[in-house]
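Heads up, the thing below is written out as structure tokens.
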Amino acid sequence: MGNRKIPAEIEQVLLDETAIQARVRQLGARISADYAEIDDLVLVGVLKGAFIFLSDLARSLTIPHEVDFIALSSYNKGVVSTGAVRLIMDTRSSVTGRNVLIVEDILDTGYTLDYLIRIFQARNPASLRTCVFVSKPDRHQVEVPIDYLGFEVPDEWLVGYGLDYADRFRTLPYIGVLKQEVYE
Ligand code: PRP
């Protein structure tokens, strides 16, 4: 789709726009079916990365839902992750007694989602599930449950569809592999 030029920093396209949109529609259909009888679904997108996936996913749902956001940042994020996560902005609405679906663009080490699951569990939601667009199994440091997964991906620096390199490339409609020379 589209005739936009692929930036020179991109080695190759891993997931193109057609594949991404097809997968998002499948996830949206599954979530819509699973929550068909359940009221008060709140999607919590994890900023910044999840805003693209969340907007597509939410619009593919055929059931009522609320959209909210939380913003986190990892300390010393880069090649080595320390696992320390900082809460920058909390959700606007309370999640107590509600059906929460955490929406993430990527599961890398798992520290972020592990932290989120712990803070949301402590708030006593009616249910808590996770929806992750891409997961890097080779990088996981902690085991975290993924209820809805888009794709498993290799351990490469990926950009696009919410994923960035120094805040660049987030809004590419595909997921590409960044050339090694860019981040080395
Ligand atoms: C990315 C991504 C996840 C997290 C996953 O966020 O959006 O939230 O890393 O990594 P982990 O599994 O190793 O914890 P990042 O901290 O890069 O912030 P951003 O979303 O604002 O780019």
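All values below were derived from every heavy atom in this structure, side-chain atoms included, with hydrogens, water molecules and symmetry-related copies excluded. Remember, it's 1-based here, ligands and their atoms both numbered in the order they're listed.
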Partner of Arg98 under side-chain hydrogen bond (donor to acceptor under 3.5 Å, both in side chains), chosen from Asp40, Asn124, Asp68: Asp40

Gly49 to ligand 1: N or O pair under 3.5 Å? yes

Does any N/O atom on Gly110 come nearer than 3.5 Å to any N/O atom on ligand 1? yes

Under a plain distance cut-off of 3.5 Å, with no hydrogens placed, do Gln121 and Arg118 share a side-chain donor-acceptor pair? no

Give me the ring orientation class for Trp157 and Tyr165: parallel if the planes are under 30° apart, tilted from 30 to 60°, perpendicular past 60°. perpendicular

Output the list of atoms in ligand 1 that are nearer than 4.0 Å to some heavy atom of Tyr111, sorted by atom number. 12 (O), 14 (O)

If you draw the axis of the six-membered ring of Phe120, does the NZ or CZ of Arg123 fall within 45° of it and under 6.0 Å from the ring centre? yes

Verify whether the ring centers belonging to Tyr174 and Tyr161 lie closer than 6.0 Å. no

Of the choices Asp105, Asp108, Leu72, which has the non-hydrogen atom that lies closest to atom 2 (C) of ligand 1? Asp105

In ligand 1, the atoms that come under 4.0 Å of a heavy atom of Ile106 are 2 (C), 3 (C), 5 (C)

Hey, does Leu163 have a side-chain heavy atom less than 4.5 Å from the side chain of Val134? yes

Ligand 1-proximal atoms of Asp164, by part, heavy-atom distance under 4.0 Å: side chain

Close-contact set for ligand 1 against Thr112 heavy atoms, below 4.0 Å: 4 (C), 5 (C), 8 (O), 10 (O), 11 (P), 14 (O)

Do Ser93 and Glu66 have a side chain donor and acceptor closer than 3.5 Å? yes

Taking non-hydrogen atoms only, is Arg170 closer than 4.0 angstrom to ligand 1 via side chain, backbone, both or neither? side chain

Classify the contact between Arg139 and ligand 1 as side chain, backbone, both or neither, using a heavy-atom distance cut-off of under 4.0 Å. neither

Within ligand 1, which atoms have a heavy atom of Thr109 less than 4.0 Å away? 11 (P), 12 (O), 13 (O), 14 (O)

